[in-house]
Amino acid sequence: MSVATTANYLNEEKGLKSWLFTLDHKRIGMMYLFAVMIAFFLGGVFAILIRLELLNPGQDFFTADTYNQLFTLHGAVMIFLFIIPAIPAALGNFVLPLMLGAKDVAFPRLNLASFYIYVVGALFALYSIVAGAVDTGWTFYTPYSTTTSTSVISMTLGAFILGFSSIFTGVNFIATIHKLRAPGMTWFKMPLMVWALYATSIIQVLATPVLGITLLLLIIERTIGIGIFDPAMGGDPVLFQHFFWFYSHPAVYIMILPGMGIISELVTTFSKKKIFGYKLIAYSSLGIALISFLVWGHHMFTSGQSEFSSMVFSFLTFFVGIPSGIKMFNWLATMYKGRITFEAPMLYTIAFMFLFAIGGLTGIMLGAISIDIHMHDTYFVVAHFHYTMMGGTVIAFLGGMHYWWPKIWGRMYSEKWARVAWALIFVGFNVTFFTQFFLGSQGMPRRYYNYLDQYQPLHMYSTYGSWMLGVGFLIMAYYLIYSIYKGPKAPNNPWGGLTMEWQTTSPPIQHNFEEQPVLEHEPYDYDTRMVVNDQLIKKEDVKEKENINV
Amino acid sequence: MEHAEKKPSYLQHHFADMEQQTDAAKLGMWVFLVTEVLLFGGLFGFYTFYRAWYPEMFMEAHKYLDVAMGTTNTFVLITSSLTMALAIRAMQLGKKKQTIAYLAGTLFFAGVFLVIKYFEYSHKIELGMLPGKLYFFDGIQAANPHIFFSVYFTMTGLHGIHVLIGMIIIGWVMVRTMRDDFSPEYYNPIELTGLYWHLVDLIWIFLFPLLYLIG
Amino acid sequence: MEQQNTATAHHVLPLSLYFTVAGVLFVLTGITVAISFVHFGEFNIIVAMLIATVKASLVALYFMHLKYDNKLFMAVFLSSLIFLGLFLTLTMTDTMHRGDIDPIKEHPIKKEAVFYNK
C-alpha cells in the first residue's frame with residue numbers, strides 16, 4: 001500500500017469490526033463479492049470434479065451416489081450462492097448508489113441484514129454437504145426429494161433463507177431507484193445498468209416468495225407428510241414443479257438481466273459512442289421481467305402437465321426472444337462506427353454477445369415442444385443453459401468486475417494477464433460446452449456418471465476444456481489479488497465513462513461524492529461530452545480552446 | 001434555504017429531507033407486502049387447485065370447521081385493525097397516551113385471536129382432523145380429506161405465525177412510543193407496523209370465507 | 001390539539017371515517033356468514049369472494065391510506081395481485097386440462113388414494 005493517501009471508504013475506518021458492522025453499501029458489496037467468490041470457487045471445484053469423472057466411461061473416481069451429490073451441489077451452490085447474488089448484491093450494491101449519485105441505498109441496515117441472512121443461508125446449505133449431501137439435483141423435485149435419505153432439509157432451508165436475502169436486496173434497490181436519484185436524473189436518464197437492476201429487483205420481489213412457500217411446504221411434506229406433493233396420498237408432484245419453476249424460471253432472468261445491464265454500460269463506454277436505442281433497451285429489461293413470469297411451463301413439457309398447458313407455455317416462450325433480440329441488435333448497432341478499444345472489459349463484452357447469442361438461440365429451439373421432447377434432459381440442455389448462465393451472466397460479471405475494479409480498489413490490474421485469462425476462459429468455455437451440444441443431440445442424457453463408449457471423445461474434449469477454464473480463473477484470481485496490493489494507482493476515470501460512478505475518486509470517499517452531483521447531460525452522451533484527464537468536459541469547449549490556440 | 005437548519009436525529013444521513021425518507025420507507029414496506037401477498041398466494045394456489053380437483057371432499061370437510069369461532073375471529077381481527085389505524089391517527093395528532101392505549105388494544109385483540117385459534121386447533125387435533133399422514137378422523141366419507149386439512153393448517157398456520165410476528169413488532173413500537181421516540185413529525189415505524197398488520201387482516205378476510213363458508 | 005401546521009402535513013382522517021369503515025366491515029362480515037347458510041350452488045363462492053374483495057379494498061383504501069397516499073403504492077400493491085392472478089391462471093391451464101387429449105394424464109393424482117390406517 002504505497003500510493004493510497006487520500007481518505008476513502010477502504011481506509012477511513014479500520015479493523016475487522018468496521019467491516020462487519022458497516023452500513024456502507026460499498027463495503028457490504030465487497031463483503032458480498034468476497035462471499036460469492038468463495039461460493040464460485042467451491043462450485044467450480046465441484047464442476048471440475050464432475051468433468052473429471054466424465055473423462056472416461058465407467059466408474060473412475062466417484063460412485064454413482066457421490067456423483068449425484070456432486071452435480072446437485074454444483075448446481076445449488078452456483079445458483080443460490082453465487083450467480084443470483086453475484087451481480088445485484090455484490091457489484092450492484094457497489095455501483096447502484098454511485099450511478100444514481102446517491103450517498104447510499106435507501107435502507108442501509110436492511111442491506112447489511114441481507115448480507116448476514118445470506119451468510120446464514122449459506123451455512124445451512126454448506127452444512128448439508130457434511131450431513132450427507134443432497135442428491136436430488138438443484139431442483140428438489142418431489143416425490144424423490146421427500147423420500148431420499150440425504151439432507152434435503154438443510155439445503156432447502158438454506159435456499160429458503162437465501163430467498164429472504166434476495167428479497168431484501170430487491171426491496172432495497174426498488175426504493176433506492178425510486179427515491180434516491182440525483183437531481184436531473186429522470187427515469188430515462190438513468191444508466192441502463194440501473195434499469196436492469198430495477199427489472200431484476202421486480203423479479204426478485206415477485207418470484208422469490210413463491211419459492212419460499214414451496215420449499216417450506218417441501219420441508220413440512222418431508223417431516224410430517226402433509227401429502228400435497230405425494231401422489232400416494234392424493235397429492236400432485238407436478239404442482240411442485242409449477243411452484244418451483246414459477247420462481248426458478250424468472251430466477252434465470254435475475255441472473256441474466258443485470259448481466260445485460262453491465263453489457264449495456266460496457267458496450268457504449270468502450271465504443272465511445274452514444275448507446276443505440278436507449279429507451280428500447282430500458283423497456284426491454286422490463287419486458288423480459290414481465291415475460292419471464294409467463295413461460296415457466298417450458299421446463300415441464302415431459303412432466304405430465306396438460307398438452308394445452310405445454311402449448312400455451314411453448315407459445316409464450318418465444319416472446320422472450322424479442323426483448324433479448326432488441327438488446328442484442330442495439331448493442332451491435334452501438335458498436336457500429338464507434339471508436340472501439342479492446343481493453344479487458346470490452347473483450348468480455350464481445351465474448352458475451354457471441355456466447356449469449358448461442359445460448360439464447362438454442363433456448364428458442366428448446367422452447368419449441370417438438371424439439372424439446374427429444375432434447376429434454378440431454379446434454380443439449382446442459383450446454384444451452386451454461387451458454388446463457390456462464391457464457392452470459394458469468395462472462396458479464398467478469399466484464400463488470402474488470403470494468404469497476406479500478407473504481408473499487410483504486411488500482412489497475414495487469415491488462416496483459418487479463419487478456420491471457422480472457423482468452424483461456426473464452427476458448428476453454430467453448431471447448432467445454434460446445435461439445436456438449438453434440439453430445440446432447442446424439443442422446444447423451446444429463447446427470448449420469450457413466451456413458452456409452454461412443455460418447456467418449458466428446459466428453460474428453462469437454463473435460464480438457466474445463467481444465468483450461470480452471471487455469472484461466474486461477475490466473476485471474478492471481479492478477480486481481482496482486483493488483484489490490486501492488487497494482488499501479490488507478491485514475492478516477494480510466495475508461496472515459498460518463499456515468500456518475502466515474503465522477504468521484506477511485507476508490508470513492510465514504511459518502512461517495514464531495515457534493516451532491518447533478519446530472520446535466522443525456523446518458524452516454526458521447527456526441528457532446530468527452531473525458532480528458534479524469535475531467536468530464538463538453539466537446540464544444542475543447543473546440544473553442546483549439547480555435548483560440550490556432 | 002434549508003442548509004443552515006440542523007437535521008433532526010431521526011433523519012438518516014443519505015436522505016435529503018423527511019419526506020424523501022418517509023416515502024422511501026413506505027415504498028419499501030409496500031414492496032415487502034407484495035412479497036407477503038405472493039407468499040400466501042402460493043397457498044391460495046394450492047387451495048384453488050385442490051378444491052377444483054376434489055370439490056365434494058372440500059364441501060364435506062369444511063363443515064367440520066367452527067363457523068362461530070371463525071366469525072368471532074374475523075370480528076376480532078377487524079377490530080384490531082381499527083385500533084391500529086387509530087393508534088397511527090393518535091400519533092399524527094401527537095397524543096402519546098392514546099397511541100399507547102390503542103396499540104395495547106391491538107395487542108389484546110391479536111392475543112384474543114390466537115387464543116380462539118388455539119381452541120380451534122386443539123379441538124381439531126383431538127378429533128384427528130390433521131394434515132396428511134397425521135389424519136385419523138373417521139367422519140368424512142369423501143376421499144382424501146386429509147388434503148383439506150393440510151391446506152387448512154398450512155394457511156391458518158402461516159397466518160397465525162404472521163399474527164405472532166405482528167404482536168412482537170407492535171409490542172416493540174409500543175415500547176418505543178413510551179420512550180418518546182415518536183412525534184407527529186416522525187412516526188414511521190408505527191405506520192409501517194400498521195401496514196403490515198392491516199395486511200394480516202386482509203389475508204384473513206379472504207381465508208375466512210374460503211375455508212369456513214364454502215357454502 | 002390540531003397540529004397540522006407542519007410542512008409534512010400528513011393526512012389526518014376524521015375519527016368518524018374510521019368507525020364508519022369498521023362498521024361497514026362488520027356488517028359485510030355478517031352478510032357473508034348469513035349468505036353462506038343459503039345455498040346458491042356455484043354462486044355462493046362468487047358472492048363470498050365479491051364481499052371479501054370489497055372488504056379488502058376498504059381496509060386497503062382507508063386503514064392503509066392507499067386512497068390518500070402516493071399512487072405508486074397502489075400500483076405496487078395491485079401488481080402483486082396481477083402477478084398472483086397470472087400464476088394461478090397459467091397453472092390452471094395445466095390442472096384444469098389434464099387428460100384433454102391423453103387420458104393417461106387425466107389424474108396423475110390418485111383420486112381414491114387411501115394411505116392411512118383408520
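To find a chain, count down the sequence lines: A is the first, B the second, and so on, and within it residues start at 1. Hydrogens, waters and symmetry mates are skipped; everything else that's a heavy atom, side chains included, is used.
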- Query: Can you find a pair of side-chain heavy atoms, one from C:L25 and one from B:T74, that are under 4.5 Å apart?
  - Reply: no
- Message: I'd like to know which of B:G128, B:G194, B:S81 tops the heavy-atom pair count under 4.5 Å against chain C.
- Response: B:S81
- Task: Go through the atoms of B:L202 and report whether side chain, backbone, both or neither lie under 4.5 Å from a heavy atom of chain C.
- Result: side chain
- For C:N44 and B:I214, the nearest pair of non-hydrogen atoms, with its separation, is CB-O, 4.1 Å
- When every non-hydrogen atom of B:I205 is compared with those of C:A52, the smallest separation belongs to CG2-O, 3.5 Å
- Are the side chains of B:W30 and C:M64 in touch, meaning some heavy atoms are under 4.5 Å apart? yes
- Query: Would you say B:T79 and C:F26 make side-chain contact, with heavy atoms under 4.5 Å?
  - Reply: yes
- State, with a plain yes or no, whether a side-chain heavy atom of B:K26 is found less than 4.5 Å away from one of C:L72. no
- Message: Quick check: closest heavy atoms across C:F63 and B:A85, and the distance to 0.1 Å?
- Response: CD2-CB, 4.0 Å
- So which of B:L86, B:T35, B:I88, B:T22 has the biggest tally of heavy-atom pairs under 4.5 Å with chain C? B:L86
- Would you mind checking which part of C:D69 comes under 4.5 Å of any heavy atom in chain B, side chain (CB onward), backbone (N, CA, C, O), both or neither? side chain
- Query: Would C:F73 and B:M29 satisfy side chain to side chain contact (heavy atoms under 4.5 Å, CB included), going step by step from the backbone distance to the final call?
  - Reply: CA-CA 9 Å; C:F73 305 158; B:M29 192 65 202; over 6 Å; no
- Should we say atom OH of C:Y68 is surrounded by more than 12 heavy atoms from elsewhere, each under 6.0 Å from it? yes
- Message: Counting only non-hydrogen atoms closer than 4.5 Å, does B:L33 touch chain C with its backbone (N, CA, C, O), its side chain (CB onward), both, or neither?
- Response: side chain
- Message: Is B:E191 close to chain C through its backbone or its side chain, or both, or neither, when contacts mean heavy atoms under 4.5 Å?
- Response: side chain
- Using non-hydrogen atoms and a 4.5 Å limit, figure out which bit of C:V76 sits close to chain B: side chain, backbone, both or neither. both
- Of all the heavy-atom pairs spanning C:T95 and B:W53, show the shortest one and how long it is. O-NE1, 3.4 Å
- Query: Is B:F208 close to C:V33 at the side-chain level, that is, under 4.5 Å between some pair of heavy atoms?
  - Reply: yes
- Query: Just by distance, do the side chain of B:R89 and the backbone of C:L13 share a donor-acceptor pair under 3.5 Å?
  - Reply: yes
- Can you name the nearest heavy-atom pair linking B:V37 to C:S80, along with the distance? CG1-OG, 3.6 Å
- Query: Does the side chain of B:F40 come within less than 4.5 Å of C:L84's, by heavy atoms?
  - Reply: no
- Item | Criterion side chain to side chain contact (heavy atoms under 4.5 Å, CB included) on C:F77 and B:L199, from CA distance to verdict | CA-CA 11 Å; C:F77 190 55; B:L199 187 88; 3.9 Å; yes
- Task: Side chain from CB out, backbone as N, CA, C, O: work out which of these in C:L88 comes under 4.5 Å of a heavy atom of chain B, or both, or neither.
- Result: both
- Item | Heavy-atom pair count under 4.5 Å with chain C, highest-scoring of B:V67, B:L38, B:L27, B:T71 | B:L27
- Take atom NZ in C:K71; do more than 12 heavy atoms of anything else shown fall under 6.0 Å from it? yes
- So what's closer than 4.5 Å to chain C heavy atoms on B:I203: side chain, backbone, both or neither? neither
- Message: Please evaluate residues B:L210 and C:I45 with respect to the criterion side chain to side chain contact (heavy atoms under 4.5 Å, CB included), reporting the C-alpha separation (whole Å), side-chain torsions for both, the decisive distance (0.1 Å), and the verdict.
- Response: CA-CA 8 Å; B:L210 283 177; C:I45 182 81; 3.9 Å; yes
- Query: Which pair of non-hydrogen atoms, one from C:S36 and one from B:L213, has the smallest distance, and what is that distance?
  - Reply: OG-CD2, 3.5 Å
